[in-house]
Amino acid sequence: MDAPRWVLHVDLDQFIAAVEVLRRPELKGQPVVVGGSGDPTQRAVVATASYEAREFGVHSGMPLRTAAKRCPDAVFLPADGPAYEAASAQVMETLREFPVVVEVMGWDEAFVETHTDDPESVAREIQDAVRERTRLACSVGIGDNKLRAKLATGFGKPAGVFRLTEDNWWDVMGDRTTDALWGIGTKTARKLTDLGIHTVKELAAADPYALADRLGPTMGPWFRRLARGADNSPVVGTPYVPRSRSRETTFQQNLTDWDVVRTEIVGLARRVAEDVRSEGRPAVRVGVKVRFAPFRTLTRSVGLPAPTSDVAAIEAGALAALEKFESRRPVRLLGVRAEFETT
DNA sequence: TCTGGGGTCCTAGGACCC
DNA sequence: TCTGGGGTCCTAGGACCC
């Protein structure tokens with residue numbers, strides 16, 4: 001009677017590039033690179049590259065300058081946040097029309113929990129609905145939990161469906177390197193290699209005490225559970241409650257005048273204060289981030305005397321945090337962050 | 001590879017208190 | 001005052017993700 005629980009992970013294909021191609025059909029089939037202000041000589045990185053651009057080795061996170069070297073004929077476009085937000089909202093609205101729980105994970109992805117005997121059919125229906133409503137293609141991962149659904153999506157791209165469960169976990173994942181797991185990056189993978197652990201299978205069988213010793217009491221055992229595909233976290237449909245709000249800027253030319261640094265911090269603090277006000281909850285702590293040239297990043301923060309959404313108080317907090325820095329070396333980036341109370 | 005912007009969570013050291 | 005042990009809070013940094 002009760003149909004089994006399935007988690008679907010819905011992920012738009014080359015989302016940002018796809019939105020751009022929709023409003024400029026002449027770009028279809030061309031290498032498109034979106035990021036920064038669209039000027040590849042600026043300090044900025046690739047937000048999304050179309051599949052055609054990826055053929056040239058261009059990928060997200062890569063400096064635009066590098067992308068331009070690898071693919072000089074690519075069309076470079078500025079990132080247009082509001083346009084992507086609008087497209088994303090349409091997609092999420094479409095998902096919510098199904099009798100499912102939707103957890104939004106970002107502009108271009110969401111988890112969907114459903115109870116059905118035929119998850120592939122639900123996945124296809126979702127793909128059709130999204131394509132019909134937004135003209136965007138998505139891939140869907142099907143899993144018996146969120147972790148497996150998320151990893152499954154990668155095997156379904158582009159525009160496909162893939163199911164990853166306890167049954168095929170070892171066949172699909174066992175021999176892959178540990179960084180194939182969601183939550184293991186290059187740093188952790190390297191530490192694991194030092195322990196003689198290279199593959200998912202090896203991590204799953206590793207000594208939990210050795211892992212805890214090297215990677216921490218929480219993270220060590222958690223990585224081992226990841227390698228087994230274990231995850232009992234729920235799909236959460238309730239609105240997301242942010243823990244912090246922040247603003248930061250990388251300057252095209254490093255700042256050398258500390259008066260200018262102070263002015264910029266005040267500007268960022270005002271923007272953050274606006275975000276705090278619109279959040280409707282007071283901030284309890286304010287932090288400042290400084291990236292000195294060439295690339296050393298330091299942070300300092302202060303607790304506020306009392307929880308507040310007041311612009312002047314947040315400004316004063318940011319300036320107090322800034323005063324904690326001793327170095328006056330050239331500055332590449334400045335950021336201001338406000339933290340809300342944790343409940 | 002001359003390395004964005006917006007987030008989350010964990011860890012570790014020192015301060016402080018009993 | 002040659003000095004233990006445990007708990008908690010604050011702060012900075014690191015890793016990861018989209």
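Each chain gets a letter, A, B and so on, in the order the sequences are listed, and its residues count up from 1.
In the set dG4(B), dG7(B), dC10(C), dG7(B) carries the atom at the smallest distance from any side-chain atom of Ser246(A).
In plain terms, the two heavy atoms of Tyr51(A) and Pro158(A) that are nearest each other are OH-CB, 3.8 Å. Nearest heavy atoms, Ala318(A) versus Ala269(A): CB-CB, 3.9 Å. Across every non-hydrogen atom of His59(A) and Val46(A), the tightest pair is O-CB, 3.5 Å.
Classification of dT3(C) as syn follows from a glycosidic angle within 90° of 0.
An aromatic stacking contact between Trp182(A) and the base of dC17(C) is absent, as defined here by ring centres under 5.5 Å apart and ring planes under 30° from parallel.
Nearest-nucleotide positions on DNA chain B for Gly216(A) and Tyr240(A) put Tyr240(A) closer to the 5' end. Both Arg243(A) and Pro217(A) lie close to DNA chain B; mapped to their nearest nucleotides by heavy-atom distance, the more 5′-ward contact belongs to Arg243(A).
Among the protein residues, Thr249(A) comes within range of the sugar-phosphate backbone only, with heavy atoms under 4.0 Å from sugar or phosphate atoms but none that close to a base. Contact annotation for Leu64(A): no contact, since no heavy-atom pair falls under 4.0 Å across all strands. Residue Lys324(A) is classed as a sugar-phosphate contact, given heavy-atom separations below 4.0 Å to backbone atoms only.
In this structure, a donor-acceptor pair under 3.5 Å is absent between the side chains of Ser50(A) and Gln30(A).
Look at dT8(C): its Watson-Crick or wobble partner, with both distances under 3.5 angstrom, is dA15(B).
For the pair Asp108(A) CG and dG6(B) P, the interatomic distance rounds to 17 Å; values are reported in whole Å.
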